[in-house]
Amino acid sequence: MHNPTAQRQGLMLVELLLAIAIIAILLTIGIGGLGPLIAKNRRVTEVNTLVGLLQLARSESIKRATAVTVSPAEDATNHHPGYPGANDDLRAWQAGYAVRTAGGNVLRAQPGSRNDALMISSTRGGVTFQPDGSAGASNLTFFFCDRHHLADPRAVVVSGVGRVRIADTYNGSPIPCP
């Protein structure tokens, strides 16, 4: 016989289905907002990696009293599609880059981005830091853009004196992203 005062254990099917529906709705809302955060973190990682390698190249050029270059990986142009219609220089930077001494010794290499949403482009084919830390007569600029426009673009600028900085604009205008 059924005892009306006995405590019920477990969930009824309706309660369980309602709980699952609520959890699914909350996860959908929460995960949808993660896209921009993930894109921003990827962009920050890419920017900081390049800045670190540029600073390494500059300090090594001063320490070794010889020119040190940051340039695209040697065979990079053929291994990454880049943006549709992009030039070979852009594809080369996207596929990876390296820090090399004047003798061609690779001090550090950075493989290309595994995230196709980020791109690196450049206004020059590379930057060579001289023994005094300078980097040439004009600025070199790298652009970091998100194909899906989930993260704001950033620029990494190397000045002629060798200073490396991160910028939100390019010559006072929005960063040119395709």
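Values in this document were obtained by computation on a predicted structure and should not be read as measured data.
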Say you draw a straight line from [atom1] of [X] to [atom2] of [Y]; how long is it, rounded to the nearest 0.5 Å?
X      : Y      : atom1 : atom2 : result
Lys40  : Ile38  : NZ    : CD1   : 13.5 Å
Asn171 : Thr169 : CG    : OG1   : 8.0 Å
Asn48  : Phe144 : CG    : CZ    : 9.0 Å
Asn41  : Leu37  : CG    : CG    : 5.0 Å

Transitive ILVMFWY side-chain link [X] to [Y], under 4.5 Å:
X     : Y      : value
Leu26 : Leu18  : yes
Leu54 : Leu56  : yes
Leu50 : Val157 : no
Leu53 : Leu107 : yes

Determine whether Phe143 and Pro153 make a side-chain contact, defined as any pair of heavy atoms from C-beta on separated by less than 4.5 Å.
->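 Result no, sub-4.5 Å side-chain heavy-atom pair not found.
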
Taking the side chain as every heavy atom from C-beta outward, state whether Ile62 and Val68 have any atom pair closer than 4.5 Å.
->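 Result no, sub-4.5 Å side-chain heavy-atom pair not found.
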
Side chains of Asn139 and Thr141, donor plus acceptor under 3.5 Å |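 Absent: no donor and acceptor within the cut-off.
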
All pairs passing side chain to side chain donor-acceptor pair (under 3.5 Å) where residues 51-62 contributes a residue, at least two apart |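 Checked against side chain to side chain donor-acceptor pair (under 3.5 Å) - neighbours excluded - the pairs reaching residues 51-62 are Glu60-Lys63, Glu60-Arg64.
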
Quick one: salt bridge (charged side-chain N to carboxylate O under 4.0 Å, His left out) pairs with a partner in residues 148-174, sequence neighbours left out?
->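 Listed by first then second residue: Arg154-Asp168.
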
